[in-house]
Structures are given as C-alpha cells and as structure tokens.
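Inspection log for the structure reproduced underneath, given as structure tokens.
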Protein chains: 2
Amino acid sequence: MDENAGPATASGGRRPGEVPLLLATVFRDMSDHLHTRLAELGREPLRPAHGYAFRYLADHPHATTVGLAAHLGVTKQSASKTVGELADWGYLRRRPHPTDRRAQILRLTDRGQEYVRLADTLWAEAEQQWADLIGADRLTAVHDALRAYVDHLPDGRRTGLRPVW
Amino acid sequence: MDENAGPATASGGRRPGEVPLLLATVFRDMSDHLHTRLAELGREPLRPAHGYAFRYLADHPHATTVGLAAHLGVTKQSASKTVGELADWGYLRRRPHPTDRRAQILRLTDRGQEYVRLADTLWAEAEQQWADLIGADRLTAVHDALRAYVDHLPDGRRTGLRPVW
DNA sequence: CATCATAGTCAACCAGGTTGACCTTCTCCA
DNA sequence: TGGAGAAGGTCAACCTGGTTGACTATGATG
C-alpha cells in the first residue's frame, strides 16, 4: 500500500491519493476558524465567497463585475449579485468607468478595506496555529510547495474559487 | 510585508495568512482534475459529496445514515437524500440492522466499491502531478505536515466535509 | 410501563448558484 | 460611416443541495 514512501516519511507512509482529502480537511478547519472568530467579533455573517471577492477587489483597484466573475469562476449574474450585496452593506462603491460607459469600476470603501485587513489577520491566525504545531520552517516548506503547484497552473485555472464542490 | 520569512524560504517569503487560500486553490484544482477525468471516462456525474460518502462507507462497513450525516457534517435529512441517490444508482444497498429495527446498515455494492477504487486512482493521479513537480520527498513532507494538523484536531472537527463554504 | 431519546422519512423553505433574454455601449471593418 | 456583432450589466425564472420542522416507529431507561 505504500510504494511511494520517501526518505522523509515520519508518519509511516502516504497512501496515494490521500493528500487532496487532507488539503480539504485542513482548509475546511481553517475556514471554520475564520468564521468562528468573525462571529465572536460580532461581524456580519459574510460568506467566504465575499471574502474572495474582497481579496480580488483589494488587489485590483480597477476591477469590474465581469472581471470579478471570471476571478471567482462564477457567472457575471452571480458576481453581480455579490457586488450588489457588498455595495448595500457599504463595503464597496460602483463608480463610473472613465472611458467605457457600460462598465463600472468597483472600489472598496474604507470600511471594505478594513474588513480585508481583519480577514487577513484571522487567516494568519489560523495559519499560525499550524506553524505552532509543525514549526515555521516546515510551514514555509508547505507554502513553497503549494506555491509551486499554483504557479505551475495555466492562468485560466489559477483563480477559480467558486464553491469547492 | 514579510516579517515572517523562514530560513527555508525559497520563493521570496510567505505573506501571513496566504497559506489557507493556497490550500483551497490547490484542492480546487485537484478536484477539477478528478471531475474532468470522470467525465472523460464517461462516468455518472457524481458530486464530490458523494465521493466523501463513498469513502466513509468504504471505511465503515456498518455505517448508518445518521453516522454518515455526522461524518459529512450535514443533517440526517440531507444524508438520507444522498443515500437514496446512491442506492438508486446501484452503488449501495440498505440492509436491515441486525439488532435495531429502526436502523439500516449501508453497504456498498460491488459497483460501489469499484467506484471507490476508481476515485482513489484519480485522486492519486492529481497528487502525482504535484509530486512530479516538486518531488516525492517534498510531497511527503507536505503530507506529513497536513497529517499533523489533522491528527491534532479534536475528533469532532476531524471529519466535516460539507461544502467547504 | 411510561417516558424520553434515536433512526429515518416527508414536506416546505432558502441560498446561491445557473441559464436565457434583454438593453446599452463599444469595436471594427466593409 | 454605419451596421453587425461583441461585451458589460441587470432582471427573471429555475435548479440543486442544503436547511428546519413535524412525524412515525423503535429502542433504552427510570
């Protein structure tokens, strides 16, 4: 059952195909951590999809709804709905596009940016718990391994953060 | 932006809180790989939730619907629906519980077990692509780090594979 | 034996996606 | 230059896969 044991195997070998499930489990737990903390802090129950939208908007100050949709891997209608909610809640404003009167520039408000910083902090918290467990060096090694996978993806597959299944 | 650089940092440092998103991205891509391959093989479009149910049923030959629900982290009604589908499709049979006439034992059929083997193969494929990229040793290190996180979870949080958000 | 807990189902509802139709504006080439 | 088609965005109808709530039947326990 373990034709793949590497020299660094500390936990008795790795069943082929086991890693994806572990990835999901760990991510799921970290995600739960985030939402638990948000609830503790009395924050609005933003869904993780919103979180990924936030991140994209924070990184792309000239984002449009269609661009966001592509990033999230959902239809533009769905992205439009999300944008509408975030706007209603005061996290972003739609501003006219300077040259294209069909389009709107999506800009985070101060409140929106503050939320992004909070989310980053909470994700970092979850990550730190892992670092406490295995050490910062090993976590960095994991990070680099993940990074290598992601960097190797063709552009089209690098985003896609719609519901994981 | 990089107050956390570890000695082993090969790729220019790790932004705190970046790892969870990377986990999700990698898992998502591997999951896409699985479903693409299933489609290529002309398989029924089973949803990943079904996959996790399969895995549980394969590992627990005396499973019940309620137990499955707990494992998946969904309500028993939802699990019951999933079980009904899998039964309709011939992947499992409900057999009477030997001592509790309320309960049913869920047993994979041969067809169900064959599906589990196929899924394992496809997950292993996705995993192997990662190994090809970073080397088996590094992948094993990642595996062990993930394993450490999961093993450290209290039992109640170790399962939970409902939609990741 | 009465009471409460548990396995499972049915039905109604909800959230967050989807597809399809549509309007407006932009692009581009005949 | 104007007309066709592409692209940004919204509205509406629908689907899926969860949810809660009510219920039946059986098991466990005082």
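A, B, ... follow the sequence lines: proteins, then strands. Residue 1 opens every chain.
Look at NZ on A/Lys81: it is 8 Å from C1' on C/dA15, rounded to the nearest Å. Between the NE2 atom of A/His97 and the C1' atom of D/dG9 there is a distance of 13 Å, rounded to whole Å. The interatomic distance linking B/Ile105 (CD1) with C/dA7 (P) rounds to 12 Å, in whole Å. The distance from atom CG of B/Asp88 to atom P of C/dT9 is 12 Å, rounded to the nearest whole Å.
By the side-chain hydrogen bond (donor to acceptor under 3.5 Å, both in side chains) test, A/Arg55 pairs with A/Asp120, sequence neighbours left out. Applying the side-chain hydrogen bond (donor to acceptor under 3.5 Å, both in side chains) criterion to B/Glu114, with sequence neighbours excluded, gives B/Arg43. Residues passing the salt bridge (Lys or Arg N to Asp or Glu O under 4.0 Å) test with A/Arg95, sequence neighbours excluded: none. With sequence neighbours excluded, the residues that form a side-chain hydrogen bond (donor to acceptor under 3.5 Å, both in side chains) with A/Glu85 are A/His50. Listed by chain and number, the residues in a side-chain hydrogen bond (donor to acceptor under 3.5 Å, both in side chains) with A/Arg102 are A/Asp100 (sequence neighbours excluded). The salt bridge (Lys or Arg N to Asp or Glu O under 4.0 Å) check on A/Arg111 picks up A/Glu44, with sequence neighbours excluded. Residues forming a ring pair (Phe, Tyr, Trp, His ring centres under 6.0 Å) with B/His62 (at least two apart in sequence, or on another chain): none.
OP1 and OP2 of D/dG8 both lie 4.0 Å or more from every side-chain N or O belonging to A/Arg94. Note on B/Thr75: a side-chain N or O is less than 4.0 Å away from OP1 or OP2 of D/dT19.
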Where along nucleotides 21-29 of chain C does protein come under 4.0 Å, by heavy atom, of base (B) or sugar-phosphate alone (S), with - for untouched nucleotides? ---BBS---
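Residue A/Val116 is grouped with residue B/Leu21 when hydrophobic side chains (ILVMFWY) are merged at heavy-atom distances under 4.5 angstrom, including chains of intermediate members.
For the segment residues 61-69 of chain A, residues with any heavy atom less than 4.0 angstrom from an atom of DNA chain D are, sorted by number, A/Thr64, A/Thr65, A/Val66.
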